Amino acid sequence: MTIYKVLIWLAVVCLFCALYAASMGALAQAGPFLITFFLALAVGFRGYEKLAGFSYTVVIFASLTTALYYPALFVEVNGYKLSGLITPLIQLIMFGMGTSMSARDFLGVVKMPKGVLIGVLSHFIIMPLLGFTLANISDFEPEIAAGIVLIGCSPNGMASNVISYLAKANLALSITITAISTTISPFVTPLLMKALAGAFVDIDMTHMMWDIIRMVILPIGAGLLFNRFLSGKAAWLDAAMPLVSMAGIAFIIVVITAAGRASLLTIGPALIGLVLVHNLCGYMLGYWSARLFRMSERDCRTIAIEVGMQNGGLASGIAKEMGKMATVGLAPAIFGPVMNITGSMLASWWHRKPIPEAGNRQAVVATTT
């Protein structure tokens, strides 16, 4: 029996122990078993090709569980508030994003203007309006509702490019939409937040604009310069950046979860439900917005993914800079793990579903509309 199978069985045993402890009313004692369950499951998944893609997401759940049971570990260390690391980590993640990009990613606007235009407009229309609608029908306090709007007003993240690749979508189009939406986010996101979230919290557009520029545009610009002049000359950095980015996102989610623990224990299930609806409706409406303009199946898949997946890290950073990390930051912190699960499942389903040949596309459109 391989070590991966042993870990899967260990995870099963720990899950039963956690459920037994919970059924006996010993929720505090269930914590270590739940944490071990997620960690063992995450490593165990690495031994199976079809499950390996979920490993990082399960690690996030292990981190979230740890933050909920032991929040004091992630609030401050020796008097230093760990929330102070969020902005530098986002800048580091955005630098890593920049090192994986080049000017060619922006030239896709010239090569695929229709797809880029539909993708960017759909993203910044569908998700903000969905977020605004869900925030209004929820019974959450204004600052938590504003967080739902915030995640909807955020640009795409690099995760959408990975999911597009796995879903056999148009990777070049995905990368270009991500690059363009991220570039214009310092102007579009504050404007949308002012218009849609202004009823929930006070929005300082100028301050938010500068926050996004220094968290996103400047680090990505530095990454682009690094990629242009030093790419390949620091192989260790090229290999380390994806791992640093994943660790950084996990840390940000954990710190926000620890800070907002009291609110999450009260509204957690309802907020997760709304975030899931937001994410799934983004996929669906994104796909049909592209189908409305008779785009190819590959492009429809791409735009669905680009619309449904958001840059949760940036949204968390904005919430922190607003001074409302424990409230406005909750929806973005939840959205990240949720979209990774749904995105992986969608990619797996589409990966097995053949893409119609170009000659048959009109027939497919006719039968699905």
Side-chain angles (χ1 to χ4, degrees), residues 75 80-99 101 120 123-124 127-128 131-132 135 142-160 178-225 244-245 248-260 309-336:
V75 175
Y80 177 78
K81 292 188 179 297
L82 295 179
S83 59
L85 296 175
I86 290 180
T87 297
L89 279 173
I90 291 171
Q91 291 171 324
L92 184 60
I93 292 167
M94 291 299 107
F95 172 78
M97 180 177 176
T99 62
M101 298 169 65
V120 172
H123 179 85
F124 280 120
M127 292 304 278
F132 177 73
E143 290 188 1
I144 293 176
I148 301 173
V149 181
L150 174 59
I151 191 63
C153 295
S154 300
N156 317 96
M158 289 294 285
S160 64
T178 299
I180 298 302
S181 70
T182 302
T183 302
I184 66 175
S185 64
F187 312 101
V188 178
T189 298
L191 181 63
L192 289 171
M193 282 296 289
K194 183 68 174 179
L196 300 177
F200 300 107
V201 293
D202 291 330
I203 303 296
D204 186 336
M205 283 183 57
T206 303
H207 189 272
M208 187 178 291
M209 189 179 298
W210 169 240
D211 287 339
I212 298 174
I213 288 173
R214 66 188 179 89
M215 283 192 293
V216 176
I217 303 302
L218 296 181
I220 286 181
L224 285 168
L225 291 174
V244 170
S245 296
I249 291 171
F251 181 83
I252 290 169
I253 291 173
V254 165
V255 170
I256 293 174
T257 301
M309 302 190 76
Q310 307 292 91
N311 191 332
L314 173 59
S316 298
I318 293 173
K320 187 263 178 184
E321 292 300 323
M322 291 173 66
K324 303 180 186 298
M325 183 183 69
T327 50
V328 176
L330 288 182
I334 292 173
F335 196 97

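Every heavy atom of this structure was used, including side-chain atoms; hydrogens, water molecules and symmetry mates were not. None of these values were measured; they are calculated from a predicted model. We count residues from 1, following the sequence as given.
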Q: Decide yes or no for Leu192 and Phe132: does some side-chain heavy atom of the first lie under 4.5 Å from some side-chain heavy atom of the second?
A: no
Q. Are any side-chain N or O atoms of His123 and backbone N or O atoms of Met309, one a donor and one an acceptor, separated by less than 3.5 Å?
A. no
(Q) Would you compute the distance between atom CH2 of Trp210 and atom CD1 of Ile217 and round it to the nearest 0.5 angstrom? (A) 11.0 Å
Q) Can you tell me how far CG of Leu89 sits from CZ of Phe251, rounded to the nearest 0.5 angstrom? A) 6.5 Å
Q) Looking at side-chain heavy atoms only, is the closest gap between Val216 and Asn311 below 4.5 Å? A) no
Q: Kindly compute the distance separating CD1 (Ile252) from CG (Leu82), expressed to the nearest 0.5 Å.
A: 12.0 Å
Q | Donor-acceptor contact present, side-chain Ser160 to main-chain Gly157, <3.5 Å | A | yes
Q) Where is the tightest heavy-atom contact between Gly260 and Leu330, given as atom of each residue plus distance? A) CA-CD2, 3.9 Å
Q: Would you name the heavy atoms of Pro190 and Ile203 that are closest together and state the gap between them?
A: O-CG2, 4.4 Å
Q: Check whether any side-chain N or O of Thr189 sits under 3.5 Å from a backbone N or O of Cys153 as a donor-acceptor pair, and report yes or no.
A: yes
Q: Can you see which heavy atom on Ile93 is nearest to which on Gly248, and at what distance?
A: CD1-C, 4.0 Å
Q) To the nearest 0.5 Å, what is the distance between OG1 (Thr99) and CG (Leu224)? A) 9.0 Å
(Q) Could you check whether any side-chain heavy atom of Thr182 comes within less than 4.5 Å of a side-chain heavy atom of Met97, counting everything from C-beta outward? (A) yes
**Q.** Heavy-atom side-chain contact between Ile213 and Met209 under 4.5 Å
**A.** yes
Q: Considering non-hydrogen atoms only, spot the tightest contact between Met325 and Ile86 and give its length.
A: SD-CD1, 3.2 Å
Q: Could you grab the distance from atom CZ of Phe95 to atom CG of Leu218, nearest 0.5 Å is fine?
A: 13.0 Å
**Q.** Closest non-hydrogen atom pair between Ala315 and Leu150, with its separation
**A.** O-CD2, 3.3 Å
Q) Can you tell me how far the CG atom of Asp202 sits from the CD atom of Glu143, to the nearest 0.5 Å? A) 9.5 Å
Q.
side-chain contact (heavy atoms from CB on, under 4.5 Å), that's the test. Do Arg214 and Thr87 meet it? Break it down for me.
A. CA-CA 9 Å; Arg214 66 188 179 89; Thr87 297; 3.7 Å; yes
Q: Among Lys320, Glu321, Met322, find the one that has a side chain to side chain contact (heavy atoms under 4.5 Å, CB included) with Asp211.
A: Glu321
Q. When you measure from the side chain of Gln91 to the backbone N and O of Pro219, does any donor-acceptor pair fall under 3.5 Å?
A. no
Q. Can you name the closest pair of heavy atoms from Ala135 and Phe200 and give their distance?
A. CB-CZ, 3.8 Å
